[in-house]
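Please read the structure below before turning to the comments.
Everything numeric here is computed off the predicted structure, so don't read it as measured data. No hydrogens, no waters, no symmetry mates; every other heavy atom, side chains included, goes into these values. Each chain gets a letter, A, B and so on, in the order the sequences are listed, and its residues count up from 1.
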Amino acid sequence: MNLAALHAWNLTPPQAIALQRELAQRIDVTPRLPLDAVRYVAGADISYDRFSNWLYAAVIVLRFPELTIVEIAEAQGEVPFPYVPGLLSFREAPPLLQAFARLTTVPDVVMIDGQGIAHPRRFGIACHLGLWLQLPCLGCAKSRLIGTFAEVGETRGSWVPLMHGAAEIGAVVRTKARTRPVYVSPGHRLDLASAVTLTLATHGGYRIPEPTRLAHGRVNQIRRENRKSTT
DNA sequence: GCGACAG
DNA sequence: ATCTTGTCGC
């Protein structure tokens, strides 16, 4: 699929922060995205090699609401940027975009393992990818980056808003009973309610929704297959 | 100054 | 993120 080359990636942390403040102004989290408007949902993730600076990326497209695999695109390369809380996209977006570029099926919405606007500058990796892909994108993280929230109901489907001061930046969602909640936030071209609805609609029996869960499994599989052996 | 801190 | 099999609990 086609991507929008918005900027260079070889930046220093200070430059990256300045770019986030600039690009954050283009983010739109007001559109509703009805489930009946979704035919294909994509999930993407990254896996790192413990002994080298090599990483693996994968994008997996699922037909919705069946959640059956339609297509998988992959990419791998050197880790381009250090891990700095708040600057994750400069580390993971380049390889992910490479994988997306190899994708034939254009998804209606993309789910990323990380934050959307639930970010100090309202520009998490789901926002960054949303701009480059020019597609609705949401973040579904396993842990919190910023924000405060009340206790979440114990039943599957219950959720509470994730707040940053007076701003509602996301939702803490119980995707499964007796399991820790996930942190959902819109990245671009869809609102919070739609992001939460899609997260619950792509449930496959596990805490992590199928798009992201399957992508995670795929990248780890690729890493194991390419990992050097002492023989 | 002291914590917190997506993956 | 990564290191790692079995095991305790729902």
Given atom [atom1] of [X] and atom [atom2] of [N], what is their separation to the nearest angstrom?
X        : N      : atom1 : atom2 : value
A:Phe51  : C:dC3  : CZ    : C1'   : 8 Å
A:Gln76  : C:dA1  : CD    : P     : 19 Å
A:His216 : C:dA1  : NE2   : C1'   : 8 Å
A:Tyr206 : C:dC10 : OH    : P     : 20 Å
A:Phe90  : C:dA1  : CZ    : C1'   : 19 Å
A:Ile146 : B:dG7  : CD1   : C1'   : 16 Å
A:Asp113 : C:dA1  : CG    : C1'   : 10 Å
A:Tyr83  : B:dG7  : OH    : P     : 7 Å

Given [N], is OP1 or OP2 found less than 4.0 Å from the side-chain N or O atoms of [X]?
X        : N     : value
A:Ser143 : B:dG7 : yes
A:Arg227 : C:dT2 : no
A:Lys142 : C:dA1 : yes
A:Arg223 : C:dT2 : yes

Charged N to carboxylate O below 4.0 Å: is that the case for A:Asp49 and A:Arg223?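 Not counted as a salt bridge, because no side-chain N and carboxylate O are separated by less than 4.0 Å.
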
Which part of the nucleic acid does [X] contact within heavy-atom distance under 4.0 Å: base, sugar-phosphate only, or nothing?
X        : value
A:Arg144 : sugar-phosphate
A:Asn220 : sugar-phosphate
A:Glu92  : sugar-phosphate
A:Ile125 : base
A:Leu87  : base
A:Gly139 : nothing

Test applied, side chain to side chain contact (heavy atoms under 4.5 Å, CB included); reference residue, A:Leu62; option that passes from A:Pro209, A:Pro211, A:Pro107: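 Going through A:Pro209, A:Pro211, A:Pro107 one by one, the side chain to side chain contact (heavy atoms under 4.5 Å, CB included) with A:Leu62 is satisfied by A:Pro211 alone.
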
Regarding A:Trp132 and A:His188, do their side chains bring together a donor and an acceptor under 3.5 Å, going by distance alone?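 No, because no side-chain N or O of A:Trp132 sits under 3.5 Å from a partner of the opposite role on A:His188.
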
Does the side chain of A:Gln221 pick up a donor-acceptor pair with the side chain of A:Arg224 at under 3.5 Å?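 Per modelled atom types, A:Gln221 and A:Arg224 side chains form no pair under 3.5 Å.
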
With respect to the side chain of A:Arg50, which nucleotide from C:dT2, B:dG7, B:dC5 is positioned closest?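 The nucleotide sitting nearest to the side chain is C:dT2.
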
Check the angle between the aromatic planes of A:His128 and A:Phe90 and answer parallel, tilted or perpendicular using the 30° and 60° thresholds.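 Correct class here is perpendicular.
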
A:Tyr48 aromatic ring stacked with six-membered ring of B:dG7, 5.5 Å and 30°: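 Given the distance and angle limits, no, they do not stack.
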
